[in-house]
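Below: one structure, written as structure tokens.
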Amino acid sequence: MFNRLWSQFFSSESSDESTTSTKNSKPDDKTSGSETEMTETSNEIDIQLMPTGLKKLLDKVDLSHPPGLAGDICEDLATLEYRALPNLRPAAAMMILSSLASQIENPPYKLNLYVISTALTASGKEAHQNYLKQALSDLGLDSKLHDTPRSDKTIMFDLLYSEGCSIYVLDEGHVLFRTALSSRASTFEKNMADLLLQLKTAKQYRLSGNLKREVQEQLIARLEKADKKKSNTAFQPEDKEKLKNLLELTNECIHDPFVNLISYSVPQNVAFLFSKKEIETGLLGRIIFVRGPSKRAPLRGHDKVVRPSKDISERLKAISTENLPTESLAARTTLHAIKEYLERDENRNHGMYGAIFARGYEQIRVVAALLALESKKIDQSMVIYAFKQFLNSLHECETHLSKQSKTSIEESQKLVELKVREYSERHGSGSFGVIRNNIFKCSAPIRKLENNQKDFLSNTLQKFADMGVLIKVGNNQYLHKSCISAKK
């Protein structure tokens, strides 16, 4: 029966249930909001393989205005921005809702988010950070907020002291990832990335090894310091009791560890994150990427205090965190269709993006649930919005990697041409085979390229001949064009 409903629902006709938010973004947001729309064609991912019904639903989604309370938060934030940043508003709204969802006990799946929001420098990102921090403070969650961690031990201490829930709102947060992923990073810095990966998805986490020992040693040192300074008001009895409880917790399993992270940066500062390696480690599949407009919006002249309105604040406080929202039939049907698409062999085993597709359903389900945190009913519009947000994030990865690939090819060809010219200047003309073998032996970077890409060198030399960079001067003999000019 379910398959029959699925096939009927995704026929050429749309469902009666509303598929998008009924509210539109403000007029001055329209041009800015188009920057991150998912395109229908791609060099790497064939979106045409998507069912027609899903594509029609996606066409109606405005990414800058999610359905439900999140959309209303975006409207509230829009009135307080120094410069309009419509594409980034949903990230702040989702982070507020996700942090609130940390109070749900034993959810069937985790509801935390890792988000990287990028926009030009001096484009008004600080208003979003201030709004988000103030919203968390109003909800009594400011004790969960932490500064940029410097090591895996810092992350663990943050989690322990915050009773299993840490929230990071980071300005220039790319520094955290650059440090953790650097080949020159110390062991405790490199371990940050691994720990963040684990905490994003782990339902249970148990301290072990060096990290456990280091955390315990520091807690014991603090307890000893408290005992020696009994008269010191800096150490209250409840503080000592908390230290003892934390020490005991290091020997136990932490259930549902909750880490929320949002980083604000400029686009060029996060480019290093996008690589096949970080796709395969699972990092890129765990992050939602959001990019702001390519041009700054006009400065708005206001002196308003950046904080949620009374209406938004009251609605957030009124949300019950006893249970997870349930799905409507249309939402469940749509989720099934999305899962079928993501789990196609050509997607889940995609040569470049397979690991991202494989985590897509998990991310979409989380975002849809957060959108329904107030209404307690996940409808179709929430599911399809979450799907488009996932595709948009995937497109951001693809855009960065395509640029890198193009740049890498151009740089590689320049290196080969330089070596060809050096050969011609030293040895004169030569056959393709002789030139190729000489360059291969003399250049380690070119050997690496040849090993990674079969026939790279032979194909590049043939391309040079077709372009007139290599000139035929005899029977299968070639010379770099600069040497021809010099002889003349």
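Scope of the values below: all heavy atoms of this structure, side chains included, with no hydrogens, waters or symmetry mates. We're numbering straight along the sequence, starting at 1. As the structure is a computational prediction, the values presented were derived from the model and not from experiment.
P90 and P86 make their closest contact through CD-O, 3.3 Å (heavy atoms, listed as atom of the first residue, atom of the second, distance). Among all heavy-atom pairs drawn from E362 and T201, the shortest one is OE2-CG2, 3.7 Å. Minimum heavy-atom separation, D147 to D158: O-OD2, 4.5 Å. For the residue pair D152 and N191, the shortest heavy atom distance occurs at OD2-CB, 3.3 Å. Closest non-hydrogen pair, V266 versus E172, comes out as N-OE1, 4.5 Å. The minimum heavy-atom distance between K388 and L58, with the atom names listed, is NZ-O, 3.0 Å.
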T250 vs L160, side-chain contact (heavy atoms from CB on, under 4.5 Å): CA-CA, chis, key distance, verdict: CA-CA 9 Å; T250 60; L160 289 172; 4.1 Å; yes

Test log, rule side-chain contact (heavy atoms from CB on, under 4.5 Å), inputs L141 and Q103: CA-CA 10 Å; L141 297 173; Q103 300 172 7; 3.6 Å; yes

Worked verdict on L273 versus I116 for side-chain contact (heavy atoms from CB on, under 4.5 Å): CA-CA 11 Å; L273 276 173; I116 292 183; 3.4 Å; yes

Test log, rule side-chain hydrogen bond (donor to acceptor under 3.5 Å, both in side chains), inputs S102 and S99: CA-CA 5 Å; S102 67; S99 299; over 6 Å; no

From CA spacing to verdict: side-chain contact (heavy atoms from CB on, under 4.5 Å), R206, I254: CA-CA 6 Å; R206 186 182 293 276; I254 302 174; over 6 Å; no

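Between the side chain of Y168 and the backbone N or O of I262, no donor-acceptor pair lies under 3.5 Å. Looking only at distances, no side-chain donor or acceptor of T334 sits under 3.5 Å from a matching main-chain atom of Q380. Remark: side-chain polar atoms of S313 are not paired, donor with acceptor, to backbone N or O of P308 under 3.5 angstrom. The backbone N or O of A122 lies less than 3.5 Å from no partner atom in the side chain of K125, so there is not a single donor-acceptor pair. Under a 3.5 Å cut-off, the side chain of D379 and the backbone N or O of M382 do form a donor-acceptor pair. In this structure a side-chain-to-backbone donor-acceptor pair under 3.5 Å is present from T333 to L329. Using modelled atom types, no side-chain atom of R300 and backbone atom of R83 make a donor-acceptor pair closer than 3.5 Å. E81 contributes a side-chain N or O that, together with a main-chain N or O of L85, makes up a donor-acceptor pair within less than 3.5 Å. Using a distance-only test at 3.5 Å, with no hydrogens or angles considered, a donor-acceptor pair links the side chain of K144 to the main chain of S162. Judged by distance alone, the side chain of R359 and the main-chain N or O of A355 form no donor-acceptor pair under 3.5 Å.
A side-chain donor from one of Q134 and D138 sits under 3.5 Å from a side-chain acceptor of the other. S182 and T179 share no donor-acceptor pair across their side chains, judged by distance under 3.5 Å alone. Judged by distance alone, the side chains of S98 and N260 do bring a donor and an acceptor atom under 3.5 Å apart. For the residue pair D62 and S64, a side-chain donor N or O sits within less than 3.5 Å of a side-chain acceptor on the partner. Side-chain contact, H174 with S263: no donor N or O sits under 3.5 Å from an acceptor N or O. Side-chain N/O atoms of N251 and Q216 include a donor and acceptor closer than 3.5 Å. No side-chain donor from either of E278 and S275 sits under 3.5 Å from a side-chain acceptor of the other. Side-chain polar atoms of H395 and R291 form no donor-acceptor pair below 3.5 angstrom.
The shortest distance between side-chain heavy atoms of V290 and T118 does not fall below 4.5 Å. Contact check for C397 versus F289: side-chain heavy atoms found under the 4.5 Å cut-off. Under the 4.5 Å side-chain criterion, counting only non-hydrogen atoms from C-beta, T148 is not in contact with V175. The shortest side-chain heavy-atom distance between E75 and H65 falls under the 4.5 Å cut-off. Under the 4.5 Å side-chain criterion, counting only non-hydrogen atoms from C-beta, L100 is not in contact with L370. For the pair L373/I104, a side-chain contact is recorded, criterion being any heavy-atom separation below 4.5 Å from C-beta on. Between I378 and V383, the closest side-chain pair of non-hydrogen atoms falls below 4.5 Å. Annotation: side chain of I384 is in contact with side chain of L54 (closest heavy-atom distance under 4.5 Å).
Ring geometry for F390 against F387 counts as parallel: the plane angle stays under 30°, on a 0 to 90° scale with 60° as the upper cut. Using the six-membered ring where Trp is involved, F357 and Y341 have ring planes that are perpendicular, over 60° apart on the 30 and 60° scheme.
Salt bridge D311/R315: present, at least one basic N to carboxylate O contact under 4.0 Å. With salt bridges taken as basic N to acidic carboxylate O contacts below 4.0 Å, none links E327 and K377. A salt bridge links E280 to K276: one of the charged nitrogens lies within less than 4.0 Å of a carboxylate oxygen. Ion pairing of K110 with D256 is absent here, as no side-chain N (NZ or NE/NH1/NH2) approaches a carboxylate O to less than 4.0 Å. Using a 4.0 Å cut-off between charged side-chain N and carboxylate O, E189 and R150 make no salt bridge. Looking at D142 and K133, no side-chain N of the basic residue comes within less than 4.0 Å of a carboxylate O on the acidic one, giving no salt bridge.
Geometrically, K339 engages Y361 in a cation-pi contact, judged by NZ or CZ lying under 6.0 Å from the ring centre and within 45° of the ring axis. Cation-pi contact between K200 and Y114: present, with separation from the ring centre below 6.0 Å and deviation from the ring axis of at most 45°.
With rounding to the nearest 0.5 angstrom, the CG atom of L207 is 8.0 Å from the CG atom of L249. Distance check, rounded to the nearest 0.5 Å: CG of L284 to CG of L401 gives 7.5 Å. The line from CD1 of I73 to CG of L97 is 4.5 Å long, rounded to the nearest 0.5 Å. We find the CG-OG distance between L69 and S375 to be 9.5 Å, quoted to the nearest 0.5 Å. From R222, atom CZ reaches atom CG of L246 across 9.0 Å, with rounding to the nearest 0.5 Å. For the atom pair D76 CG and R307 CZ, the distance stands at 11.0 Å (nearest 0.5 Å).
Within a 6.0 Å radius of CD in E252, more than 12 heavy atoms belonging to other residues, nucleotides or ligands are found. Crowding of E163 atom CD: a count of heavy atoms from other residues, nucleotides or ligands under 6.0 Å not exceeding 12.
In this structure, the ring of H128 has its center no less than 6.0 angstrom from the ring center of Y131. For F177 and F272, the gap between ring centers reaches or exceeds 6.0 Å. If you look at H302 and Y82, their ring centroids are closer than 6.0 Å.
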